[in-house]
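Every value quoted in this text rests on a predicted model; they were computed, and no experiment measured them. Whatever order the structure lists them in is the order used to number ligands and atoms, beginning at 1.
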Amino acid sequence: MNIILIGPPGAGKGTQSKILETKYGLKQLSTGDMLRAEVSAQTELGQQAKAIMDSGKLISDDIIINMIAQRITQPDCAQGVIFDGFPRTVEQAKALDRMLAEKKKPLTAVIHFQVNEDELVGRLNSRIRQAQESGQAVRADDNEATLRQRLAVYREQTAPIIPYYEATGLMKKVDGMAPIEDVTEQIEGFLKSV
Ligand code: AMP
């Protein structure tokens with residue numbers, strides 16, 4: 001099973017990925033997490049990526065496609081993958097189609113998280129407050145200005161992949177503002193039918 005989760009930052013893709021990973025024995029591939037690991041390890045890629053990530057813009061398609069191409073051939077991806085935060089452009093979506101066709105592993109489902117942007121900003125601000133109160137580190141791109149920039153980037157560069165996947169008949173819309181368990185239920189109901 002290969003599943004794509006599409007939705008703006010803060011929509012709950014990461015939370016649902018973790019749940020689906022356990023329930024279905026899949027591997028979550030989050031390009032954001034992979035990039036943050038590069039930043040922490042201070043690799044050349046990480047050093048280049050940091051400023052772009054902090055500004056809320058997208059890393060170039062070539063780098064991201066290359067990163068995923070290398071990752072999906074590893075043994076822990078053999079049971080299937082949950083793509084979280086990838087693809088984010090039509091170019092990336094087309095590249096993923098090619099990679100999956102080569103591996104003869106078709107796409108099973110595309111889950112589109114629908115959200116209310118103002119509520120997302122509210123959620124982020126309360127998450128930052130809670131983290132600060134409990135002395136936890138706050139991600140450099142976790143602030144309202146960057147979130148608004150990331151939402152604009154999502155509308156301009158990522159939203160065009162929605163009609164691309166709609167045309168495949170594999171896409172299901174879920175209400176990203178619903179409670180976590182309800183979102184999981186909506187996704188599982190859809191996965192049973194594909
Ligand atoms: P995320 O954790 O998925 O919200 O990603 C954090 C940041 O990493 C994004 O704001 C982008 O700068 C970068 N990033 C993650 N995934 C991608 C992708 N598929 N394409 C381009 N940039 C990405």
Enumerate the pairs of nitrogen or oxygen atoms, one from ligand 1 and one from the protein, separated by less than 3.5 angstrom; state names and distance to 0.1 Å.
unit_1: ligand 1; atom_1: 2 (O); unit_2: R36; atom_2: NH1; d: 3.0
unit_1: ligand 1; atom_1: 2 (O); unit_2: R36; atom_2: NH2; d: 3.0
unit_1: ligand 1; atom_1: 3 (O); unit_2: R88; atom_2: NH1; d: 3.0
unit_1: ligand 1; atom_1: 3 (O); unit_2: R88; atom_2: NH2; d: 3.3
unit_1: ligand 1; atom_1: 4 (O); unit_2: R88; atom_2: NH2; d: 3.1
unit_1: ligand 1; atom_1: 4 (O); unit_2: R150; atom_2: NH2; d: 2.5
unit_1: ligand 1; atom_1: 12 (O); unit_2: K57; atom_2: O; d: 2.5
unit_1: ligand 1; atom_1: 16 (N); unit_2: T31; atom_2: OG1; d: 2.8
unit_1: ligand 1; atom_1: 16 (N); unit_2: R88; atom_2: NH1; d: 3.0
unit_1: ligand 1; atom_1: 19 (N); unit_2: T31; atom_2: OG1; d: 3.4
unit_1: ligand 1; atom_1: 19 (N); unit_2: G85; atom_2: O; d: 3.0
unit_1: ligand 1; atom_1: 19 (N); unit_2: Q92; atom_2: OE1; d: 3.0
unit_1: ligand 1; atom_1: 20 (N); unit_2: Q92; atom_2: NE2; d: 3.0
unit_1: ligand 1; atom_1: 22 (N); unit_2: I59; atom_2: N; d: 3.1

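Side-chain N/O atoms of Q28 and D84 include a donor and acceptor closer than 3.5 Å. Under 3.5 Å, the side chains of N2 and T108 contain no donor-acceptor pair of N or O atoms. In summary, the side chains of E38 and T43 do present a donor paired with an acceptor at a separation below 3.5 Å, with no hydrogens or angles considered. In the model, Q149 has no side-chain atom that pairs as donor or acceptor with a side-chain atom of S55 under 3.5 Å.
Counted within 6.0 Å of CD on Q79, heavy atoms from surrounding residues, nucleotides or ligands total 12 or fewer; the atom is thus considered open.
Sorted by first and then second residue, the pairs that involve residues 104-125 and meet salt bridge (Lys or Arg N to Asp or Glu O under 4.0 Å), not counting sequence neighbours, are E117-R155.
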